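This one's a predicted model, so the numbers in the text were calculated from it and none came from an experiment. Chain identifiers are assigned alphabetically (A, B, ...) following the order of the sequence lines, protein sequences preceding nucleic acid strands; residue numbering begins at 1 within each chain. Quick note: numbers below take in every heavy atom, side chains included, and nothing from hydrogens, waters or symmetry partners.
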Number of protein chains: 2
Amino acid sequence: MPSERTRRRIPEATVARLPVYLRILGELADDEVESISSDGLADLAGVNAAKVRKDLSFLGSYGTRGVGYVVAYLVYQVRRELGLTHDWPVVIVGAGNLGHALAGHGGFSQRGFPVAAVVDVDPEKVGSVLGGVLVRHIDELSEIVQSKQINIGVVATSASGAQDAAERLVRAGVTSILNFAPVVLSVPRSVEVRKVDLAAELQILSYYEHRRSLAAHGQGSSHSATVVGLATDNGVARRSANA
Amino acid sequence: MPSERTRRRIPEATVARLPVYLRILGELADDEVESISSDGLADLAGVNAAKVRKDLSFLGSYGTRGVGYVVAYLVYQVRRELGLTHDWPVVIVGAGNLGHALAGHGGFSQRGFPVAAVVDVDPEKVGSVLGGVLVRHIDELSEIVQSKQINIGVVATSASGAQDAAERLVRAGVTSILNFAPVVLSVPRSVEVRKVDLAAELQILSYYEHRRSLAAHGQGSSHSATVVGLATDNGVARRSANA
DNA sequence: ATGCATTCGTGCGCGCGTTCACAAAGCGCG
DNA sequence: CGCGCTTTGTGAACGCGCGCACGAATGCAT
Ligand SMILES: NC(=O)c1ccc[n+]([C@@H]2O[C@H](COP(=O)([O-])OP(=O)(O)OC[C@H]3O[C@@H](n4cnc5c(N)ncnc54)[C@H](O)[C@@H]3O)[C@@H](O)[C@H]2O)c1
Ligand SMILES: NC(=O)c1ccc[n+]([C@@H]2O[C@H](COP(=O)([O-])OP(=O)(O)OC[C@H]3O[C@@H](n4cnc5c(N)ncnc54)[C@H](O)[C@@H]3O)[C@@H](O)[C@H]2O)c1
């Protein structure tokens, strides 16, 4: 079996789903489920079964026809592909409201992303302890990133400080950034940025709410007008897993 | 001019970008910039200019050839399309770490999403005040949602409580949910759900970091191997706006 | 008034991602 | 040992969204 000849690129959309599969597989493993079909996994993940199979096929042929996927083995393969064979320490920039919640959240280290450091520009914040981590001054960022081998930075500053924070992270050697500030960061192309914009998410929901209310008393369609009571027509996800 | 005949559906990808445009347009308005070209807006939003024009064209023809878009007018149109002509009160379920940060965050009311209520199942949490809002017991959810005309709910409970929280929200009459728990919520198709999964975001970054490290010493490509120092080759976003 | 520069609006081709559908492959039972 | 049942892996069709490229419209200078 050739274990290490695979250097195909995985579609972005698939990469974005792998963490979802991984989490579900982890839960199955905890429940001592030994194998799972693409159908079962699709149900639990709320996606199409063919998509699951195609997604997983990018990693290799790790299923068994007529049976399904061995959970433990698949967990290993997905983790390997995502680069989760070792921890990725992260540094949080901005010890405000959000930085506090993030640092205090155990889920990160649990999933392989220990908060190795928190920095802030405000001398008032420096010296306090968030989630067991001492807040240090942002001027020490480079030293911290270098010595702790940090590749991933989290921007949790105010909007006005975000670009500065990003530039400092890049200068310190960070190559991936998760940005919570409602700002489009300008960084070298070689740096990967992902953003989480809560206000934008709410506005997207607002769009659909608005649209719904237009449809309700407007002209066009149709049935399902003012069904506010609970309609239990689940489209997805009744639990199922073959043992 | 026909103002209200437009019932075309806007592509999901476009809807997701409108909030970004809106934020930038708001900043331009604050800076008293009166008009902006698709090129300028594209720069600031970090996207292609044609995309900006196409996105905006779904709202109608609100630009002026040879000139650009009048900022104030465009703000109005985007807000109208997103349903932001009135506030959308939200209820937060889960008064933990995250619920605390969310409730204490002024940015939401500022953008039209006032935190009208916070509820929790834990009697210990009930009665405390988060961001000026009294935490109430989740059993009061229906009454709260009805009386305050709430359509949008935020799930900020532990993973184990998320499905229960979602079901209670739906039963109370909420039709849009923003979910922070790492769980695939099962709700009626008529309910719109968006999720924010921080661990997944980090894992996606991990994938690209991992890939990068493989490329660096592996076989394939190429230049840009271990360029850790800052390369100032910004692909995007030098400020520009025509006045 | 005419021409020139600018910028919008959009038709069109292309590439990516989703989904269907089916052949290949393994399992278990008789 | 073969047959039928199950489920994977993937070829192929489809649809959506992206971005180029260009015509149309507008403003401004002369
Ligand atoms: N709190 C939330 O729940 C929430 C929700 C959505 C979005 N956000 C966004 O997350 C960001 C942080 O929110 P918050 O509530 O924590 O804000 P905050 O004001 O409480 O904290 C910001 C922190 O960043 C620090 N800071 C500012 N500029 C800096 C810089 N250049 N370098 C280093 N540190 C710097 C400040 O000293 C402060 O401690 C904001 O952009 C906000 O829009 C927060
Ligand atoms: N804190 C963070 O920065 C952070 C980051 C990423 C993701 N998350 C996710 O957000 C969620 C909340 O995180 P947290 O740190 O606030 O957790 P937490 O444990 O501090 O708070 C959870 C709260 O939800 C309440 N709760 C539980 N079940 C409930 C139910 N059925 N109905 C109503 N309330 C219920 C609990 O009483 C508790 O107060 C978790 O799923 C976590 O994975 C949090």
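Nearest heavy-atom pair across Gly26(B) and Val75(B) is N-CG2, 4.4 Å.
Using a 3.5 Å distance cut-off with no hydrogens or angles, the side chains of Glu81(A) and Gln77(A) do not pair a donor with an acceptor. Side-chain polar atoms of Gln163(B) and Ser186(B) form no donor-acceptor pair below 3.5 angstrom. Counted by atom type alone, Gln203(B) and Tyr207(B) present zero donor-acceptor pairs between their side chains at under 3.5 Å.
Leu44(A) contributes atom CG, which lies 5.5 Å from atom CD1 of Ile36(A) (distance to the nearest 0.5 angstrom).
Judged by distance alone, with hydrogens and angles left aside, Arg65(A) brings a side-chain donor or acceptor within reach of the base of dT8(D), the pair sitting under 3.5 Å.
With hydrogens and angles disregarded, a donor-acceptor distance shorter than 3.5 Å links the side chain of Arg212(B) to the backbone of Thr175(A). Panel note: side chain Asp197(B), backbone Ala199(B); a donor-acceptor pair is recorded below 3.5 Å. No donor-acceptor pair closer than 3.5 Å links the side chain of Thr85(A) to the backbone N or O of Arg80(A).
Phosphate contact (OP1/OP2 of dT8(D), side-chain N/O of Thr64(A), threshold under 4.0 Å): absent. Taking 4.0 angstrom as the limit, Ser37(A) places none of its side-chain polar atoms (N or O) nearer than this to OP1 or OP2 of dT7(D). The side chain of Tyr69(A) contributes no N or O atom lying less than 4.0 Å from OP1 or OP2 of dT6(D).
Atom CZ of Phe58(B) is separated from atom P of dC8(C) by 16 Å (rounded to the nearest Å). As rounded to whole Å, 12 Å separates atom P of dG9(D) from atom CG of Leu41(A). The nearest whole Å value for the distance from the CG atom in Asp39(B) to the C1' atom in dA5(C) is 14 Å. Straight-line distance from the CG atom of Asp43(A) to the P atom of dT7(D): 12 Å, rounded to whole Å. Whole-Å rounding puts the Tyr62(A) OH to dG26(C) C1' distance at 19 Å.
With respect to the salt-bridge test (charged N to carboxylate O, under 4.0 angstrom), the residues Lys51(B) and Asp55(B) do not qualify.
Comparing Gly66(A) and Leu56(A) against DNA chain D, the residue whose closest nucleotide sits nearer the 5' end is Gly66(A).
Direction of the helix axis in the helix from dA1(C)-dT30(D) to dG30(C)-dC1(D) shifts by 0° between the two five-pair termini, rounded to 10°.
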N/O-N/O pairs, protein side and nucleotides 18-21 of chain D side, under 3.5 Å:
| unit_1 | atom_1 | unit_2 | atom_2 | d |
| --- | --- | --- | --- | --- |
| dC18(D) | OP1 | Arg17(B) | NH1 | 2.9 |
| dC18(D) | OP2 | Arg17(B) | NH2 | 3.1 |
| dG19(D) | OP2 | Lys51(B) | NZ | 3.1 |
| dG19(D) | O6 | Lys54(B) | NZ | 2.4 |
| dC20(D) | OP2 | Asn48(B) | ND2 | 3.3 |
| dA21(D) | N6 | Arg53(B) | NH2 | 3.2 |

